[in-house]
Amino acid sequence: RDQGDSSITQNRRQNARHLRDRVSAVLAASTFIGEHADQRLKDEYDSLVLRRDLRWYVDLYPEVDAEYQDELFMSIGRFLDHSSPEALRRTPVAMRIAYALLKLRAREEFAAYVGMRRADKIGDLPVSVRGGRAVVDVPIEIELPEDVRDITDELKVLTRASRLAFEDGTLVIEGWAQIGRLGATPD
């Protein structure tokens, strides 16, 4: 909005009441969808809220006062308690970890993790392969479940073809391929 009162979204930093109002609004919409539509639609809506709406409040955590931080844990925690595990699973791993810590009400670990996230250090965290799935190893005191830290579906295949040629009617491709964040870097 250009004039007059600003919206709830524009006032994310102003006070805890705006956060509480925003979460109440998305919680009411989620409840309505849950009562009148298929569970898959509710899961998609809840995941959308977690990915695109509430993440802005999470990122503000280090900048806000203690009252706002308390409200963040209470309000977003309430939304997480209302959401299904499927909605959280559809959220990218970087936010899934933050929400898992928030849901556990693990303030110190949450603050440390949000600091890493804001400093863009999440991509530097080591990744391990366990049971055919890739999981992020997060350096915090609380051991989060592997499904929360599962990054398998977010990994990218990196490739480079250095030569293409037809030999005896067969296409020959020379080069390399690897899965990003796993294994050695090619020469």
Side-chain angles (χ1 to χ4, degrees), residues 9 26 29-30 33-34 36-62 76 79-104 106 109-187:
T9 304
V26 296
S30 176
I33 293 168
H36 300 312
D38 186 80
Q39 181 65 37
R40 290 177 298 179
L41 184 59
K42 180 186 177 303
D43 289 344
E44 185 57 37
Y45 175 79
D46 289 353
S47 179
L48 183 70
V49 168
L50 293 170
R51 289 188 325 259
R52 295 195 179 162
D53 195 350
L54 300 183
R55 73 183 181 99
W56 298 108
Y57 296 102
V58 168
D59 289 341
L60 288 175
Y61 188 80
I76 296 180
F79 186 83
L80 290 167
D81 291 342
H82 170 80
S83 299
S84 73
E86 177 61 21
L88 189 59
R89 188 193 65 73
R90 294 180 185 185
T91 306
V93 71
M95 285 308 299
R96 197 176 330 133
I97 292 168
Y99 288 132
L101 292 168
L102 198 150
K103 190 169 182 168
L104 291 171
E109 292 82 358
F110 176 79
Y113 180 77
V114 170
M116 282 190 290
R117 184 173 140 66
R118 287 175 51 121
D120 205 22
K121 300 288 185 194
I122 303 305
D124 297 337
L125 294 176
V127 175
S128 303
V129 178
R130 297 187 186 118
R133 305 294 294 176
V135 294
V136 175
D137 296 322
V138 185
I140 55 174
E141 295 295 318
I142 294 175
E143 182 65 29
L144 295 171
E146 287 185 3
D147 64 323
V148 169
R149 299 177 294 121
D150 190 328
I151 194 169
T152 305
D153 295 337
E154 296 177 37
L155 295 175
K156 295 185 178 11
V157 176
L158 308 171
T159 62
R160 180 165 188 133
S162 56
R163 180 177 167 267
L164 297 172
F166 278 100
E167 296 177 5
D168 298 323
T170 302
L171 176 62
V172 176
I173 303 172
E174 294 178 0
W176 56 264
Q178 76 176 58
I179 298 172
R181 296 186 69 180
L182 299 180
T185 310
D187 295 329

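Interatomic distance, CG of Asp81 versus CD1 of Ile76, reported as 12.0 Å (0.5 Å rounding). A distance of 12.5 Å separates CG of Leu48 from CG of Asp43, quoted to the nearest 0.5 Å. For the atom pair CG of Asp46 and NE2 of His82, the computed distance is 5.5 Å after rounding to the nearest 0.5 Å. In this structure, the separation between CZ on Arg163 and CD1 on Ile173 is 11.0 Å, given to the nearest 0.5 Å. Interatomic distance, Leu88 CG to Ile97 CD1, rounded to the nearest 0.5 Å: 10.5 Å. Atom OG1 of Thr91 sits about 7.0 Å away from atom CZ of Arg96, to the nearest 0.5 Å.
Side-chain contact between Pro92 and Glu154 is present, with at least one heavy-atom pair separated by less than 4.5 Å. Put simply, the side chain of Ser83 does not reach to within 4.5 Å of the side chain of Tyr99, judged on heavy atoms.
The minimum heavy-atom distance linking Leu158 with Gly180 is given by the pair CD1-CA, 3.8 Å. Of all heavy-atom pairs spanning Thr152 and Ala134, the tightest one is OG1-N, 2.7 Å. Nearest approach of Asp137 to Val127, heavy atoms of both residues: OD2-C, 4.2 Å. What you find for Ser30 and Phe79 is that their closest heavy atoms are CB-CE1, 4.2 Å. Closest non-hydrogen pair, Tyr45 versus Ala29, comes out as OH-CB, 3.4 Å.
Listed by first and then second residue, the side-chain hydrogen bond (donor to acceptor under 3.5 Å, both in side chains) pairs involving residues 138-147 are Glu143-Arg149 (not counting sequence neighbours).
Using a cut-off of 4.0 Å between Lys/Arg side-chain N and Asp/Glu carboxylate O, Asp59 and Arg117 are scored as salt-bridged. Looking at Arg40 and Glu44, no side-chain N of the basic residue comes within less than 4.0 Å of a carboxylate O on the acidic one, giving no salt bridge.
Scanning for ring-ring contact (aromatic ring centres under 6.0 Å, His included) contacts around Tyr61 gives Phe73, Phe110, with sequence neighbours left out.
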Given side-chain contact (heavy atoms from CB on, under 4.5 Å), test Leu144 with Leu104 step by step and report yes or no.
CA-CA 10 Å; Leu144 295 171; Leu104 291 171; 3.8 Å; yes
Hey, mind stepping through Leu80 and Leu50 against side-chain contact (heavy atoms from CB on, under 4.5 Å) and telling me if it holds?
CA-CA 9 Å; Leu80 290 167; Leu50 293 170; 3.7 Å; yes
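Looking only at distances, no side-chain donor or acceptor of Glu109 sits under 3.5 Å from a matching main-chain atom of Ile142. In this structure a side-chain-to-backbone donor-acceptor pair under 3.5 Å is present from Arg181 to Leu125. Side-chain N or O atoms of Arg51 include none that pairs as donor or acceptor with a backbone N or O of Met95 at under 3.5 Å.
Annotation for Arg160: atom CZ does not count as buried by contact number, only 12 or fewer foreign heavy atoms lying within 6.0 Å.
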